Amino acid sequence: MVSIGIIYALIAMVSWSISDLTIKPLAKKFGTLNATIYKFLPHLVFLFIYFLIKGFFIPTDPLVWFLLLIFGIFGAIALLAFVKSIETGLISINLAIAHASVIVTAILSAIFFGEILNFYQYLIIILILFGITLLSFDQKSLLKFNFKKFNAGAKYAFITVLGWGIIYAIIKPIALKIGPYASVFYPDLFVISIVFFIF
């Protein structure tokens, strides 16, 4: 029987993949930094409104703020690298590379949280990556494959793999301490704030 967590993960996979396809035209029109902010702001506003409805609060635990800062730094670097990879390379390849971050998350979760995956869970990860590739598949661009262009985007996609792998592991202790709604809003707030004010 498929768990509710897997169902949520599949919904997230489809939603993120569709959302990610909007990045390339935004980046071409506004540039990497502006595209990142423009794409993220509506998302952040929606989360803020949702968080207000569910019950807004400010965390008081210093450890939470430290984890949020770490999340924001790695998340901002990874997000900018991801937008750059889509802007400069092939969506179908770089999107699949970037979402291989689940492998880094699995390794970090095993080291720090003792979460060991079984064969079927690894199989699900492979299927999710395959699904992401299919959703972002651009046959025309692959037929016109250009290795130089692939390299240009791929190096940024690999930065994204590391960054996303770290932040997806960090989100667990944050969620355990402040709950699901706050742990969706505050990490994204830190990411977009760092992107906006530092980069």
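All values derive from a computational prediction rather than experimental measurement.
Taking the centre of each ring, Y186 and F71 stay at or above the 6.0 Å mark. Ring centers of F51 and F56: under 6.0 Å apart, within the cut-off.
Taking CD1 from I166 and CD1 from I170, the interatomic distance works out to 6.5 Å, rounded to the nearest 0.5 Å. Interatomic distance, I49 CD1 to F185 CZ, rounded to the nearest 0.5 Å: 10.5 Å. Going from atom CG of L47 over to atom CD1 of I192 covers 11.5 Å, rounded to the nearest 0.5 Å. Taking NZ from K177 and CG from L68, the interatomic distance works out to 11.5 Å, rounded to the nearest 0.5 Å. Taking NZ of K84 as the reference point, atom CG of L79 lies at 13.5 Å (rounded to 0.5 Å). Taken to the nearest 0.5 Å, the CD1 atom of I178 stands 11.5 Å off from the CD1 atom of I58.
The minimum heavy-atom distance linking A169 with T105 is given by the pair N-CG2, 3.9 Å. Of all heavy-atom pairs between V64 and P59, the closest is CG1-CB, 3.9 Å. When all heavy atoms of P187 and A182 are compared, the closest pair comes out as CD-O, 3.7 Å. In terms of heavy-atom proximity, A154 sits nearest to I97 at CB-CD1, 4.2 Å. Scanning all heavy atoms of the two residues, the minimum distance from I194 to G72 falls at CD1-C, 3.2 Å. The minimum heavy-atom distance linking T160 with A98 is given by the pair CG2-CB, 3.8 Å.
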- [ ] Apply side-chain contact (heavy atoms from CB on, under 4.5 Å) to the pair F190 and W65, showing each step before the final yes or no.
- [x] CA-CA 10 Å; F190 268 72; W65 290 107; 3.5 Å; yes
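With hydrophobic clusters built from ILVMFWY side chains whose heavy atoms lie under 4.5 angstrom apart, F66 shares a cluster with L108. Both V45 and I53 belong to a single network of hydrophobic side chains, linked directly or stepwise wherever heavy atoms of I, L, V, M, F, W or Y lie under 4.5 Å apart. I171 and L176 are assigned to two separate hydrophobic clusters, defined by single-linkage of ILVMFWY side chains at heavy-atom distances under 4.5 Å. By the rule that hydrophobic residues join a cluster once side-chain heavy atoms approach within less than 4.5 Å of another member, I77 and F197 end up as members of one cluster.
The aromatic rings of F82 and W164 sit tilted, their planes meeting at an angle between 30° and 60°.
The number of heavy-atom neighbours closer than 6.0 Å to CZ of F74, taken from other residues, nucleotides and ligands shown, is 12 or below.
Counting heavy atoms from C-beta outward, S101 and L162 have side chains that stay 4.5 Å or more apart.
Under the 3.5 Å distance criterion, the side-chain polar atoms of S85 are left unmatched by any main-chain donor or acceptor of Y156.
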